[in-house]
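Below is one structure, written out as structure tokens, with a few remarks after it.
Within every chain, numbering begins at 1; the chains are lettered A, B, ... in the order of the sequence lines, protein sequences first and strands thereafter.
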2 protein chains.
Amino acid sequence: MQTSATAEQEAPSARQQAVLDAVLGLMVADGDQLTMDAVARRASCSKETLYKWFGDRDGLLTATVRWQASRVHAGYDAAQVLDGATLRERLQDFAVTWLEVISGPTSVALNRIAIAHAGSHKSNLGGIVLANGRFAIGERVKPVLEAGRAAGLLAFADSEAAFRTFFGLVGRDIQIRLLLGEALDLDADEIRRDAGRAVDQFLALYGQAKP
Amino acid sequence: MQTSATAEQEAPSARQQAVLDAVLGLMVADGDQLTMDAVARRASCSKETLYKWFGDRDGLLTATVRWQASRVHAGYDAAQVLDGATLRERLQDFAVTWLEVISGPTSVALNRIAIAHAGSHKSNLGGIVLANGRFAIGERVKPVLEAGRAAGLLAFADSEAAFRTFFGLVGRDIQIRLLLGEALDLDADEIRRDAGRAVDQFLALYGQAKP
DNA sequence: AGCGTACCGTACCGTACGGTACGCTCAGTA
DNA sequence: TACTGAGCGTACCGTACGGTACGGTACGCT
């Protein structure tokens, strides 16, 4: 039996990671040049090895998406008691991180691939990207919101709905514009300002003065 | 000289429109079955005619995007003096329309194609989609916002920034989730509720009691 | 009637790409 | 040294698809 890094959920070996990085590199460099030949050439490996490791093209893409996803997750530090400044800071961090992710070339390229794939329903990259992007951050933000509510700093009924508003205030039209090819490069300063504005707006909508 | 519906900006003939509708139908039905053969078959026309009319595959796609765009635009009724109820109503209309558009299968399919295309930079469908989607609605909403400000109902410095916030509050995570393949069908009721919530939030952020 | 034009249907061509086969090298092992 | 297996490079196969060519038909126009 060969070592498929797709069917089973084994972590890819170092060599395999290098291959997946090559795939990411190609995606970023030129989205539609993403052929098995090109991958093999760039990764200096043989196509046969690619097929042995990843099964087929879809398996390679899936493994790549998972590999990238595995790098994005940071620690889930559970929030304890919050004061207003800490809450603001935590939200600001999330907003900055999210804006950095979605405006990064890797994320743009990966989302393009996954979206193109979502049209033809085989092996849903879209689901994986959603699970590790939009939903993963939701699961990380919602506890913070709930801690904020527990501390009397926020008021909302449904944390999912509150998070979605936060998401909208942070992302606005940025992701769709990038995906559709607009240049639009955000520097760190602009991201910080954007994140700050989003947090201010969110707190204006959901915050309440501590009684 | 042949009648190219691409190079020049002539409106497509009725027959050509039928062809473009066939393309849209194929896009919606099965995104990656979008081959020139399939289009010709579905439109009951010959491939040669397709090439004569649209130049090449890209030209056909471009014409299709333009054709769909030409159908979305509604009238630009200039806003005069606004009272609070009218402003809210206008914003609600925009929000409902926008949500209907982005959640429609045609929009999803078209955006998928355009986004996939945006990876490989030839003939930017992405630009056309942006111009006729995100930016077109921006140009329609901003005058309303400015009229609202003129009437003392809204307060903001930058109408573009205010619009982007509105855009984020309305769209939130819906478009990206749909593009990535989540099922997520919104019925008319949910859209109306969503739009209402977004407008409430927007007014909470930017509204001001009339002095 | 004769001719041109527009178009349909279909056959065809070239190429790019997913997937496979095979020979070669080289490290590890006994 | 001989054997094994992993993996590189390359050649190869089949097919799908973009694009072209061509015969046939319907409909003007003169």
Side-chain angles (χ1 to χ4, degrees), chain A residues 1-8 10-23 26-27 29-65 113 116-117 119-123 125, chain B residues 1-8 10-23 26-27 29-65 113 116-117 119-123 125:
Chain A
M1 183 58 200
Q2 56 243 24
T3 40
S4 151
T6 304
E8 307 105 52
E10 303 158 1
S13 71
R15 184 73 181 94
Q16 287 170 340
Q17 291 177 11
V19 170
L20 299 179
D21 281 331
V23 175
L26 274 180
M27 282 182 178
D30 186 356
D32 65 349
Q33 210 57 8
L34 195 67
T35 118
M36 298 300 277
D37 272 297
V39 172
R41 218 174 313 124
R42 176 149 179 157
S44 294
C45 72
S46 77
K47 278 170 65 175
E48 196 169 25
T49 303
L50 291 182
Y51 285 101
K52 185 149 99 177
W53 284 347
F54 304 104
D56 58 5
R57 187 172 189 272
D58 251 39
L60 177 60
L61 293 181
T62 304
T64 303
V65 171
I113 304 279
H117 227 78
S120 53
H121 339 281
K122 30 174 194 179
S123 122
L125 303 183
Chain B
M1 183 56 199
Q2 57 241 22
T3 41
S4 151
T6 304
E8 307 105 52
E10 303 158 1
S13 72
R15 184 74 181 93
Q16 288 170 340
Q17 291 176 13
V19 170
L20 299 180
D21 281 330
V23 176
L26 275 179
M27 281 182 178
D30 186 356
D32 65 348
Q33 211 56 8
L34 195 67
T35 119
M36 298 300 277
D37 272 298
V39 172
R41 219 174 312 124
R42 175 149 179 157
S44 293
C45 73
S46 78
K47 278 171 65 174
E48 195 170 25
T49 303
L50 291 183
Y51 285 101
K52 184 149 100 180
W53 284 347
F54 304 105
D56 58 4
R57 187 171 188 273
D58 251 39
L60 178 60
L61 293 182
T62 304
T64 303
V65 171
I113 305 279
H117 227 78
S120 53
H121 340 282
K122 30 174 194 179
S123 122
L125 303 183

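For A/T64 (side chain) and A/L60 (main-chain N/O), a donor-acceptor pair under 3.5 Å exists by modelled atom type. At least one donor-acceptor pair under 3.5 Å links the side chain of A/Q16 to the backbone N or O of A/S13. Using a distance-only test at 3.5 Å, with no hydrogens or angles considered, a donor-acceptor pair links the side chain of A/T62 to the main chain of A/D58.
Contacts with DNA chain D (heavy atom under 4.0 Å) in residues 36-44 of chain B: B/M36, listed by number.
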Protein and nucleotides 3-6 of chain C: nitrogen or oxygen contacts under 3.5 angstrom:
none

Provide a list of protein-nucleic acid N or O atom pairs under 3.5 angstrom, restricted to nucleotides 22-25 of chain D.
unit_1	atom_1	unit_2	atom_2	d
D/dC22	N4	B/E48	OE1	2.1
D/dC22	N4	B/E48	OE2	3.4

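What separates NZ of B/K47 from P of D/dA16 is a distance of 13 Å, to the nearest Å. The distance between atom CZ of B/F54 and atom P of C/dC7, rounded to the nearest whole Å, is 11 Å.
Taking all atoms of both residues into account, the shortest heavy-atom contact from A/C45 to A/V19 is SG-CG2, 4.3 Å. In terms of heavy atoms, A/A29 sits closest to A/R42 at CB-NH1, 4.4 Å. The shortest non-hydrogen separation linking A/M36 to A/Y51 is CG-OH, 3.4 Å.
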Side chain to side chain contact (heavy atoms under 4.5 Å, CB included) assessment of B/T35 paired with B/R57: CA-CA 9 Å; B/T35 119; B/R57 187 171 188 273; over 6 Å; no

Step-by-step side chain to side chain contact (heavy atoms under 4.5 Å, CB included) determination, B/V39 to B/F54: CA-CA 12 Å; B/V39 172; B/F54 304 105; over 6 Å; no

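With sequence neighbours left out, A/D37 forms a salt bridge (charged side-chain N to carboxylate O under 4.0 Å, His left out) with A/K47. For the salt bridge (charged side-chain N to carboxylate O under 4.0 Å, His left out) test, no residue two or more places apart in sequence or in another chain qualifies with B/D30. Residues forming a side chain to side chain contact (heavy atoms under 4.5 Å, CB included) with B/E48 (at least two apart in sequence, or on another chain): B/S46. Checked against side chain to side chain contact (heavy atoms under 4.5 Å, CB included), B/D21 has the following partners two or more places apart in sequence or in another chain: B/L24, B/W67, B/R71. With sequence neighbours left out, B/D32 forms a salt bridge (charged side-chain N to carboxylate O under 4.0 Å, His left out) with no residue at all.
Nearest-nucleotide mapping onto DNA chain D: of B/R57 and B/S46, the residue sitting toward the 5' end is B/R57.
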Pair assignment for DNA chain D - dot-bracket with | for other-strand partners, Watson-Crick or G-U under 3.5 Å: ||||||||||||||||||||||||||||||

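The side chain of B/T49 places no N or O atom within less than 4.0 Å of a non-bridging phosphate oxygen (OP1 or OP2) of C/dC7.
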